[in-house]
Amino acid sequence: MSQKSPMPQRSPSGINLRGAVDLSALKNRATAAASGAPSGGSPYAVDVNEQSFQEFVQLSQQVPVVVAMGSGRSQQSATVTALLEKVINEYGGQLALGRVDIDSSPQIAQAFGITAVPTVVALIKGQPVPMFEGELPEEQVKEFFTELLKVAASNGVTGNLGGAQAPAAAPEPPLPPLHQAARDAIDAGDLAAAQTSYEKALAEKPNDTDAKIGLAQVKLMRRTAEINVVQVEEFRTRAAGDPDDLDAALTVADLDVSGGHVEDALARLVKYIALHFGPERESARVRLLELYDVVGVSDPRVSASRQALARALF
């Protein structure tokens, strides 16, 4: 996981799913859990489909929501979902879980660019934070969720659905003025102003790690903000059909990081670097380093990618 609390990114392009999910069920089950009443699974989990997804996303204004995308044909999906329910229950209402069956809700999977199940993503204020694919040990899942709560707190999302209260995190120290200006601009949807604020912060203090990370994240958000579902498929087709298409490789890597497919994104750019030379290689290398900042320099996926990059370069 990242050493810093990253800014969440824009919601996946093309998601415009409307409908209603009975979120009161979450609150009712949470209340029952607090009173000691029995409940199956987690009181903070709900099934979500294409009709109910949009309202579930709105819940991410109050608490971070975790979206588990799986298939009834996958035993691993059932195993991961059961573990997520168990772990989320321990956070006492600070997180909500949405279970998505991609067989019956393919639009949700398409919107996130899901290529394998199970895949887990998170949303804060409607914006995705990369999580993980496949099955992980319980302790590693808890590390992801602990970091997710830090991200949420840094963005003002500190609600609770009810039930037992988890220990409160230490309050975040005030941000430097330019960092706060960048956060405010992101909240207002002005990504250009946010980028300018981070660039000013780096100009004043070139070794400002938080500003460097924030700048990389905002630039990624700007690059992916206007890409719709049709364009996503076009870029993926181009990247699959032409290994020399730099623009497609860079864009698909951006989309994969935004959708939580971190390993795929980093491996794609390392492979491009290994096969090309000159300005194209340098462009891919610079983008890869930016994505390292987005994911987090201490993330094991970044460490593994750095080793692969060294082999590709030398």
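Scope of the values below: all heavy atoms of this structure, side chains included, with no hydrogens, waters or symmetry mates.
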With side-chain contact (heavy atoms from CB on, under 4.5 Å) as the criterion, how do Val66 and Ile88 come out once you've worked through the C-alpha distance, each side chain's angles and the decisive distance to 0.1 Å?
CA-CA 9 Å; Val66 177; Ile88 280 180; 4.1 Å; yes
Look at the side chain of Thr196 and the backbone N and O of Ala192, then say whether any donor-acceptor pair between them is shorter than 3.5 Å.
yes
Tested for side chain to side chain contact (heavy atoms under 4.5 Å, CB included) against Leu148, the lone hit among Leu123, Val157, Leu95, Val65 is Leu95
Intermediate values then yes/no, side chain to side chain donor-acceptor pair (under 3.5 Å), Gln180 and Asp184
CA-CA 6 Å; Gln180 187 61 57; Asp184 293 343; 2.9 Å; yes
Of all heavy-atom pairs linking Leu288 and Ser305, the shortest is CD1-OG, 4.2 Å
Mind checking whether Ile186 and Val218 have side chains closer than 4.5 Å, heavy atoms only?
yes
Please determine whether side-chain contact (heavy atoms from CB on, under 4.5 Å) holds for the pair Val262 and Asp256, giving the CA-CA distance in whole Å, both sets of side-chain angles, and the decisive distance to 0.1 Å.
CA-CA 6 Å; Val262 173; Asp256 280 345; over 6 Å; no
Are Leu191 and Gln195 close enough that some pair of their side-chain heavy atoms sits under 4.5 Å apart?
no
Indicate yes or no for a side-chain donor-acceptor contact from Thr119 to the backbone of Ala116 under 3.5 Å, with no hydrogens or angles considered.
yes
Report the C-alpha separation of Tyr44 and Asn89 in whole Å, then their side-chain angles, then the decisive distance to 0.1 Å, and conclude whether the side-chain contact (heavy atoms from CB on, under 4.5 Å) test is met.
CA-CA 7 Å; Tyr44 311 109; Asn89 204 41; 3.5 Å; yes
Closest non-hydrogen atoms of Lys125 and Asn155, given as atom of the first, atom of the second and distance, are NZ-O, 2.7 Å
Test: Arg285 and Glu282 ion pair at under 4.0 Å
yes
Should Lys212 and Glu290 count as an ion pair when the cut-off is N to O under 4.0 Å?
no
Grouping I, L, V, M, F, W and Y whenever their side-chain heavy atoms are under 4.5 Å apart, do Leu313 and Leu250 come out in a common cluster?
yes
I'd like to know if the side chain of Ser74 pairs up with that of Ser71 as donor and acceptor (distance under 3.5 Å, no hydrogens or angles considered).
no
Is there a side chain to side chain donor-acceptor pair (under 3.5 Å) between Thr146 and Tyr91? Walk through the geometry before answering.
CA-CA 9 Å; Thr146 298; Tyr91 285 86; 3.2 Å; yes
With a cut-off of 3.5 Å and sequence neighbours excluded, list every side-chain donor-acceptor pair involving residues 131-138.
from   : atom 1 : to     : atom 2 : distance (Å)
Glu133 : OE2    : His261 : ND1    : 2.1
Glu138 : OE1    : Lys86  : NZ     : 3.3
Glu138 : OE2    : Lys86  : NZ     : 2.7
Glu138 : OE2    : Lys142 : NZ     : 3.3

Under 3.5 Å: donor-acceptor pair, side chain of Ser104, backbone of Asp101:
yes
Ion pair present between Arg268 and Asp254, side-chain N to carboxylate O less than 4.0 angstrom?
no
We want to know whether Asp210 and His179 form a side-chain donor-acceptor pair, criterion being a heavy-atom distance below 3.5 angstrom.
no
Please evaluate residues Gln231 and Arg236 with respect to the criterion side-chain contact (heavy atoms from CB on, under 4.5 Å), reporting the C-alpha separation (whole Å), side-chain torsions for both, the decisive distance (0.1 Å), and the verdict.
CA-CA 8 Å; Gln231 291 171 318; Arg236 291 192 181 279; over 6 Å; no
